[in-house]
Q: 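Dropping a structure here in structure tokens format, bear with me for questions.
We count ligands from 1, going down the list as the structure has it; atoms in each ligand are counted the same way. Because only heavy atoms are used, hydrogens play no part in the values below, and waters and symmetry mates are left out as well, while side chains stay in.
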Amino acid sequence: MKTTAEIRKSFLDFFHSKGHQIVDSSSLVPENDPTLLFTNAGMNQFKDVFLGMDKRPYSRATTAQRCVRAGGKHNDLENVGYTARHHTFFEMLGNFSFGDYFKRDAIHFGWEFLTSPQWLGLPKEKLWVTVYHTDDEAYDIWHNQVGVPAERIIRIGDNKGAAYASDNFWQMGDTGPCGPCTEIFYDHGDHIWGGPPGSPEEDGDRYIEIWNIVFMQFNRQADGTLEKLPRPSVDTGMGLERISAVMQHVNSNYEIDIFQQLIAKVAELTGQTDLTDKSLRVIADHIRSCAYLIADGVIPSNEGRGYVLRRIIRRAVRHGHLLGAKETFFYKLVPTLIEVMAEAGKQVQEKQANVEKLLRLEEEQFARTLERGLALLDEALANVKDNVLSGDVAFKLYDTYGFPLDLTADVCRERNITIDEEGFEREMEAQRSRAQAASRFGVDYNNVIRVDGVTKFEGYTEVESLSKVTALFHDGKPVESIVAGQSAVVILENTPFYAESGGQIGDSGRLAGQGFTFDVKDTQKYGQVFGHIGELTQGSLSVGQSVNATVDAQRRHQTSLNHSATHLLHAALRQVLGTHVAQKGSLVSDAALRFDFAHPEAITKAQLFEVERIVNQQIRANNPIQTDLMELEAAKAKGAMALFGEKYAEQVRVLTMGEFSIELCGGIHAERTGDIGLFKILSETAIAAGVRRIEAVTGENAITWLHNQQTLLNHSAELLKSDVNSLAEKIQQLQDKAKKTEKELLALKEKAAMQAGADLAKSAVKIQDVSVLIHQIDGVETKSLRVMVDDLKNQLGSAIIVLVSVIDEKINLVVGVTTDLTAKVKAGELVALMAQQVGGKGGGRPDMAMAGGSQPENVNKALSVCSEWLHKNL
Ligand code: SER
């Protein structure tokens, strides 16, 4: 029996033997496509190739692509673990032709791989196929060339309610590459319920789609029309777990080798002995998506991709609790996962420490939200109306605190409270539609400037070239010529201008020629051509004209220093903080550099100094910065650092700085590390959970920064009449002095207030024969107010004294009642009544009570409430 790892390898070997290049799976975070949540099909990394906007050195490729479908329309998280084939993570085996072979070979390849005894050797009679209803060509190939009997070939029409909306018409999204497809089904046998595709029982588990072969022919436009692709292509996808289930003679994907081993491990870690428990499947599924997502740079958070990851982790952890896990367990599955994934496990293995750490932290954190969730539920239950807990509280518990509805219901039931399940469902539905919206492709690929051809880039060695205009765009539309004052994008045949990529900004400069000047403000890539963005300041310019293209060399030079420094910084961070430090983004301009990277905690000052010290040490080493072109595999073997999700050509540019840094990079760099001159970190901050950002400067900019700092220090020293070295000491002295003065001032103020208070006895009034003194005297602390009240009691003999004082937005209330009157008025009650008016609380003995308050704007109200009360009660 073939293992899943063997099937994966056979597939790639088979297509390799048919002239296909084996291409690595791309990252789960789709490159250059912020609208696609996760990579969800093998073709994602090739979409620009299908559209003719990107070219590869090969025209046939094969991949085993890791995919995640979670939180979107393709997969409801709730189902995973409870059905035979829902997963958050799966691998898609695929073969691709970019304008090379088409229907005939695609079908023959598929059939040979599935049925030849040399490969999978499946019985032919168990295979059924579907074709798009009008695709006679595919039908003919299946029937007349392959020999599939007519009763096992089913034509499927537009069964999804619109033209080209069909199970047999595959499209990437609302726009983009699409085409009719033919699907291969496997009949698991009549002991399982279900009917062939197209029949009313097609949703049963008997006939299972195993392979989808898409004939990519069109580019769907935003208005729904189909535009022919430059070259008809092929995109196929076969779910590895499904074909494994077929080959291993099991009906549920969860029974294949990979899942059985993972399930056994989950059972061991949680102490569960019933191996059919669905929670085991949930966890076995979830560790795959979670570990790979983290390995691909996703970090649990509250939004976007990070939020989907967080929900999956919490769902797994919650199921762990259902199984009786006593301690943090989820991350302990990682070693087993790496093992069962074999060849495909390397991706996680390289990041193992970080994957485990983030999973552990997230699980520990969830343990804390669990408690907070319970507290929230308690509070909500105390305020519940009509014995029904509202749907949004239940939803909030579910969504934010990870509480399953039934757990919430259990707690409610003990108090005879039910849940508004409809309200919960409504919130749930709203959440689902939000998730659906997030999972759709939203990019209109036709909206961008499209030019055939390739601009030759000469900027690695030149800052000036002679070239020719091949196209002009004004207001996003192609034009033949432009005149002075118009802004435009100029496409050149060859150029020394670097187009923005890899974090490095695009060059600026000038295009000039006979009677015209075009100021280039920025340079961008459109597919394979370079667009020079700017304004014609003089003359006119037409397609076909010769231009002298000159880069702003000074700006370029400063940018290159920052770019080289970024590589040194990356290597130094890995040395100081650990190899989990992975680049999450960068921006390299002439002014500064910015480097974002994954690191789960704050960086200490000492670590930062160390990083800065190492980078500057490397600068002083003045190593040559060497560029080599080599095969991707050779570069990887050399240990070159490559970025997550970056797409690299076969020949890659490898940048080496001594022994210290080796990285793949297409950017422009200094000649020697010494050119950088000086490296100074300006700031280090957190920009998202687990992602830090360092901003730094180099060369002249670093010197200027140091000068500015020096000037600032000198100026401060002058102001303090000190020298720079004793600045800290001097500031400390001044602070101490200021504190002392402040204290003295306060004491004086209080003394003055109390002196004024000594005369207060005169202001007492009579309410029903009782002496009452109500007075506001600001700036006095409670302690002193009490002394004043005692003093006034002595002076007045028999009285009720109420003093209020506001200090720094804070209110102090003191009430004193001489003992002969405490039967009528209790100081504690009166002060409590007043405190209520100013947002405070208080109380005390019947003869002396105190309170605080925080709403000075209500002091007058408190005073009048007090006086009214006394009038009423005396
Ligand atoms: N793109 C197609 C799919 O995802 C075939 O790979 O099914």
Q: Ligand 1: which residues have a non-hydrogen atom closer than 4.0 Å?
A: A41, M43, R69, M92, W170, N212, V214, D235, T236, G237
Q: Should we say atom OH of Y164 is surrounded by more than 12 heavy atoms from elsewhere, each under 6.0 Å from it?
A: no
Q: Could you pull out all residues at least two apart from T62 that satisfy side-chain hydrogen bond (donor to acceptor under 3.5 Å, both in side chains)?
A: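 side-chain hydrogen bond (donor to acceptor under 3.5 Å, both in side chains) list for T62, sorted by chain: empty.
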Q: Does the side chain of N144 come under 3.5 Å of the side chain of Y139 through a donor N or O and an acceptor N or O?
A: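 The answer is no; no qualifying pair exists.
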Q: Could you report the tightest heavy-atom contact between T88 and S289, atom names first, then the distance?
A: OG1-OG, 2.8 Å
Q: Can you name the residues that form a side-chain hydrogen bond (donor to acceptor under 3.5 Å, both in side chains) with Q524, not counting sequence neighbours?
A: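 Testing Q524 for side-chain hydrogen bond (donor to acceptor under 3.5 Å, both in side chains), a comparison that skips the adjacent residues, returns E500, D522.
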Q: With sequence neighbours excluded, what pairs up with Y207 under the ring pair (Phe, Tyr, Trp, His ring centres under 6.0 Å) test?
A: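 If we apply the ring pair (Phe, Tyr, Trp, His ring centres under 6.0 Å) test to Y207, skipping adjacent residues, the hits are W128.
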